[in-house]
Amino acid sequence: CCCHVCCVVDNEDEEQESTTERYHPENLEQLQAQTHFSRQELQLLYRGFKNDCPSGVVNEDTFKNIYALFFPLGDSSKYAQFLFNAFDKDKNGSLSFEELVGDLSVLLRGTTEEKLNWAFNLYDIDKDGQITKEEMSDILKSIYDLMGKSIHPRLKEEEVRQHVRGFFQKMDTNQDGVVTIDEFIDSCEKDEIIMQSLKIFDNAV
């Protein structure tokens, strides 16, 4: 679920290949050293970003609007909000190209541990270093809303709550009411479906 945004950026970049915007060399070299992307890939990503975001940043409303285009059958606003907050590391209410590229590098090319750490940060809504049942419920509900009519049949509220309870109980191995980063990573690494899902976008760019 945390990799949906990769599709958004990849599709946008492919559409913008014909643009002539050039990236500033100093920043490009620094990003190349900090990410898993090549110089050419960064140039391609930046051309698409600069064309759609000439101000150099993406605010939350713009992010939500872009996301909604790719999930017309559901309500993507809540999930997009959680995703935006996970990307917005400095909490200034906008996403720079550097922030987006840093996270995409992890989601697309990162190690399993890097991806799971990123996913934990997404679920940890208040960023206190642990996931509560309420936070897990909020994220999973937002994913069901995102999928909307593409889910047949639609899950009832009690079914969603049951999924959350089962998922949380599985992860909260010491039963203390919260899921730590170690519990999260350990549980995910033991789940074949989750591990396979992390590989989907490995070579997307």
Side-chain angles (χ1 to χ4, degrees), residues 1-12 49 52-53 57-97 99-104 106-108 115-172 177-181 183-184 187-188 191 193-194 197-198 200-201 204:
C1 61
C2 63
C3 291
H4 288 314
V5 74
C6 302
C7 295
V8 176
V9 175
D10 289 342
N11 289 337
E12 287 180 349
F49 176 84
D52 289 335
C53 308
V57 295
V58 181
N59 62 31
E60 186 173 335
D61 287 340
T62 300
F63 188 85
K64 287 180 177 179
N65 290 338
I66 293 173
Y67 222 73
L69 295 174
F70 287 83
F71 297 93
L73 298 179
D75 180 1
S76 63
S77 60
K78 198 65 179 178
Y79 184 76
Q81 177 188 333
F82 292 140
L83 204 57
F84 182 91
N85 290 336
F87 274 61
D88 186 16
K89 297 295 190 298
D90 59 9
K91 304 305 173 190
N92 68 349
S94 63
L95 303 180
S96 66
F97 178 69
E99 284 178 307
L100 284 169
V101 162
D103 282 10
L104 286 176
V106 170
L107 294 174
L108 295 170
K115 291 177 182 179
L116 290 177
N117 271 283
W118 194 96
F120 180 86
N121 179 59
L122 172 67
Y123 277 83
D124 181 17
I125 297 172
D126 64 5
K127 312 307 177 197
D128 66 348
Q130 56 191 19
I131 302 171
T132 65
K133 187 179 294 183
E134 289 73 22
E135 287 175 318
M136 187 172 289
S137 177
D138 287 343
I139 294 291
L140 291 180
K141 284 179 181 177
S142 74
I143 293 171
Y144 289 127
D145 289 341
L146 173 86
M147 301 308 294
K149 295 178 182 178
S150 64
I151 300 177
H152 297 289
R154 291 298 305 276
L155 293 175
K156 297 179 180 178
E157 190 71 22
E158 179 54 33
E159 291 177 303
V160 174
R161 285 196 292 266
Q162 287 177 359
H163 284 189
V164 171
R165 284 196 295 268
F167 201 41
F168 191 86
Q169 185 175 12
K170 181 180 180 180
M171 288 194 165
D172 183 17
V178 295
V179 174
T180 65
I181 182 66
E183 288 176 320
F184 183 83
S187 297
C188 290
D191 192 305
I193 295 176
I194 292 176
S197 72
L198 293 176
I200 292 176
F201 296 102

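Of all heavy-atom pairs spanning Lys115 and Leu108, the tightest one is NZ-O, 4.4 Å. Contact detail for Asp90 and Glu99: the closest heavy-atom pair is OD1-OE2, 3.2 Å. Minimum heavy-atom separation, Phe84 to Asn59: CE1-C, 3.6 Å. Nearest heavy atom pair, residue Val58 against residue Cys53, reads CG2-SG, 3.3 Å. The minimum heavy-atom distance between Ser76 and Phe71, with the atom names listed, is CB-CB, 4.3 Å.
One distance of note links CE of Met147 with CG of Asp75; it measures 13.5 Å at 0.5 Å rounding. Atoms CD1 and CG, on Ile181 and Asn121 in that order, are 8.5 Å from each other to the nearest 0.5 Å. Once rounded to the nearest 0.5 Å, the distance linking NE2 of His163 with CD1 of Ile143 reads 12.5 Å. The distance from the CG atom of Leu140 to the CZ atom of Phe167 is 6.5 Å, given to the nearest 0.5 Å. Note that OH of Tyr123 and CE of Met171 are 7.0 Å apart. Values are rounded to the nearest 0.5 Å. Atoms CD and NZ, on Gln81 and Lys64 in that order, are 4.5 Å from each other to the nearest 0.5 Å.
Ionic pairing of Glu134 and Lys141 is not present here: no N-O contact between side-chain nitrogen and carboxylate oxygen is shorter than 4.0 angstrom.
The shortest distance between side-chain heavy atoms of Leu83 and Leu122 falls below 4.5 Å.
Listed by chain and residue number, Gln130, Thr132, Asp176 satisfy the side chain to side chain contact (heavy atoms under 4.5 Å, CB included) test with Val178 (two or more places apart in sequence, or in another chain).
Phe120 and Phe184 have perpendicular rings, their planes meeting at more than 60° on a 0 to 90° scale where under 30° would count as parallel. The aromatic rings of Tyr79 and Tyr67 are tilted relative to each other, their planes meeting at an angle between 30° and 60°.
When each of Asp138, Ile131, Ile139 is paired with Glu135, the side-chain contact (heavy atoms from CB on, under 4.5 Å) condition holds for Ile131 and for no other.
Within a 6.0 Å radius of CD in Gln169, no more than 12 heavy atoms belonging to other residues, nucleotides or ligands are found.
Neither side chain, Asp145 nor Ser142, offers a donor N or O lying under 3.5 Å from an acceptor on the other.
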